[in-house]
Amino acid sequence: MSPTLNRFAATLVEWQRHHGRHDLPWQTRDAYRVWLSEIMLQQTQVDTVIPYYGRFLARFPDLPSLAAAPVENVLTLWSGLGYYARARNLHKCAQAVMVRHGGVFPASPALLAELPGIGRSTAAAISAFAYGTRAAILDGNVKRVLARAFGIEGFPGNRKVEDAMWALADSLLPEHDVDIYTQAQMDLGATVCTRGRPACGRCPLADSCVALRDGRVAELPTPRPKKVVPERRGRFAAILAGGSVLLERRPPAGIWGGLQSLPELPEDADAADWVASRYGLAVQRVAPLPPFRHVFTHFALDLLPEAVEVTAPAASAGEPGVAWHPLDRLADAALPAPIRKLLEQLVQGQL
DNA sequence: AAAGCGGGGCC
DNA sequence: GGCCCAGCTTT
């Protein structure tokens, strides 16, 4: 598309100057801050990210401090944000930038995309915001805006549909003000062209929007095809002694990879016997706790927690990755959200 | 309880 | 290149 015909970009850039967001804490030209925010913003909305971003930056103000930290400390600060592979990749990426690029994020989207946790869209966003590089993003906001504005059919998670959107996004990229344009697409998608009740009345693209013209705003973008999710169940032991709970680090990959959690009991084990033999603890009492369901994208997990009171333990828990953790210091633990909630309810005497 | 958000990586 | 992966928020 010739630049003079690119009304789309010009309209968005003009809209952004007056109606876009200009006070987000990561709106700087510091590649470290831009990168950190973009990773946190994958799969997570701005309002959720802001407090995490602030805490993270206070603890790891720059790339070298993050690269030098143990990954456990990174996971602790990530606890509750979800998708913990992002935190592990973030840490790996920090170390890779130190080694490969002398501690400076490259400006090239191709080089950025070779780093852990950075894909094509995130690479483009970082290079556009931090360095003004001309590169197209395609996140969920942009997919929604493009699907509606241009009437694109098909689930954007489908490779063919996504490829078509990438081609369109590339063709729409303006010659100048790519950083403003990039922020404009994100902001329009987040504040006007929302999934639920889009505010078409104040959309700068309303005049030309195909979905609005055809009355198909609610049908676009095409939703993900439905799938039945398998169900799993897991028994979890809250082993308690002297105001502390026993936490065990999970394997690095898979669900809640690398996080601390309650030990998972074998399906048919007797809780008291299992705790006694595995950890060498003297069990005083076992009590079932209310079961609850946690739903992931691709499966549902029924959690069956049990409280296991033991006599005051020795200082060491023996097994590697196993540690007693004070119940009044849960904030320091890298816990998955449902386990954190369970333990907090336990502390508050609600169970 | 169900739907939505969304980029990365494996096979 | 199709499909699988992963957790929290919103509705």
Side-chain angles (χ1 to χ4, degrees), chain A residues 35-52 75 78-93 96 109 112-126 135-147 154-167 169 185-186 189-191 193-198 218-232 234 250-259 261 291-303 334-342:
Chain A
W35 162 69
L36 175 62
S37 72
E38 288 302 323
I39 302 301
M40 287 187 164
L41 288 164
Q42 293 169 355
Q43 299 104 339
T44 311
Q45 296 186 357
V46 164
D47 288 347
T48 306
V49 162
I50 283 176
Y52 283 88
L75 283 166
W78 207 271
S79 172
L81 255 191
Y83 285 97
Y84 300 97
R86 290 185 298 173
R88 296 193 299 274
N89 281 333
L90 186 88
H91 188 241
K92 272 192 268 181
C93 182
L112 285 168
E114 289 176 16
L115 293 163
I118 301 180
R120 180 173 173 183
S121 186
T122 301
I126 296 169
I137 63 163
L138 189 64
D139 67 4
N141 285 320
V142 180
K143 286 175 178 173
R144 190 168 54 251
V145 170
L146 294 183
F155 173 53
N158 175 287
R159 181 75 111 224
K160 285 233 170 73
V161 177
E162 189 170 358
D163 285 350
M165 286 189 168
W166 269 118
Q185 292 179 94
M186 294 177 169
T191 65
C193 194
T194 56
R195 69 177 171 90
R197 307 163 184 273
E219 281 98 70
L220 294 175
T222 306
R224 165 192 300 272
K226 284 189 206 294
K227 259 197 327 193
V228 288
V229 298
E231 299 182 354
R232 300 184 205 166
R250 296 186 61 92
I255 173 180
W256 301 334
L259 265 67
S261 185
F292 61 99
R293 170 167 279 219
H294 187 75
V295 184
F296 299 89
T297 303
H298 58 299
F299 71 94
L301 179 66
D302 284 316
L303 293 99
L335 297 168
I339 299 294
R340 180 179 300 283
K341 191 175 162 199
L342 170 72

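The figures that follow rest on heavy atoms only: side chains count, while hydrogens, waters and symmetry mates do not. Throughout, protein chains are lettered first and strands after them, A, B, ... in sequence-line order, and every chain is numbered starting at 1. This is a predicted model, so every value here is computed, not measured.
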Is A:Gly80 touching bases, backbone alone, or none of the nucleic acid, heavy atoms closer than 4.0 Å?
sugar-phosphate
With respect to the side chain of A:Pro223, which nucleotide from B:dG4, C:dC8, C:dG2 is positioned closest?
B:dG4
Assuming nearest nucleotide by heavy-atom distance, tell me which of A:Arg195 and A:Ser121 is located more 5' along DNA chain B.
A:Arg195
Regarding A:Pro156, tell me which of base, sugar-phosphate or nothing describes its non-hydrogen contacts under 4.0 Å with the strands shown.
nothing
So do the side chains of A:Thr44 and A:Tyr52 get within less than 4.5 Å of each other, counting heavy atoms only?
no
Which is true for A:Gly157 with a 4.0 Å heavy-atom rule: it touches a base, it touches only sugar-phosphate, or it touches nothing?
nothing
Using the P atom in both, what is the distance from B:dG6 to C:dC3, to the nearest Å?
24 Å
Within the 4.0 Å heavy-atom criterion, would you say A:Arg144 contacts the bases, only the backbone, or no part of the nucleic acid?
sugar-phosphate
So what does A:Gln43 hit on the nucleic acid, given a heavy-atom distance under 4.0 Å: a base, only sugar-phosphate, or nothing?
base
Looking across every strand, which nucleic acid part, if any, lies under 4.0 Å from A:Leu138 by heavy atom: base, sugar-phosphate, or nothing?
sugar-phosphate
Begin with the C-alpha distance, continue with both residues' side-chain angles, and end with the deciding distance and a verdict on side chain to side chain donor-acceptor pair (under 3.5 Å) for A:Arg86 and A:Asn89.
CA-CA 5 Å; A:Arg86 290 185 298 173; A:Asn89 281 333; over 6 Å; no
Are the side chains of A:Leu342 and A:Phe292 in contact, using a 4.5 Å heavy-atom criterion?
yes
Can you say whether a donor on the side chain of A:Tyr83 sits under 3.5 Å from an acceptor on the base of B:dG7, or the other way round?
no
When you get a sec, tell me which of C:dC8, B:dG7, C:dG2 is the closest nucleotide to the side chain of A:Arg159?
C:dG2
Does A:Ile39 reach a base, just sugar-phosphate, or nothing at all? Heavy atoms under 4.0 Å.
nothing
Quick note, A:Lys143 side chain, CB onward, closest among B:dC5, B:dG7, C:dC3 is B:dG7
Whole angstrom is fine here: how far is it from CG in A:Asp139 over to P in B:dC5?
11 Å
Working to the nearest 0.5 Å, report the span between CG of A:Leu75 and CG of A:Leu81.
11.0 Å
Which part of the nucleic acid does A:Arg120 contact within heavy-atom distance under 4.0 Å: base, sugar-phosphate only, or nothing?
sugar-phosphate
Please classify the nucleic acid contact of A:Leu41 as base, sugar-phosphate, or nothing, using heavy-atom distances under 4.0 Å.
nothing
Side-chain heavy atoms of A:Glu162 within contact of A:Leu138, under 4.5 Å
yes
What integer number of Å spans the C1' atoms of C:dC5 and B:dC5?
15 Å
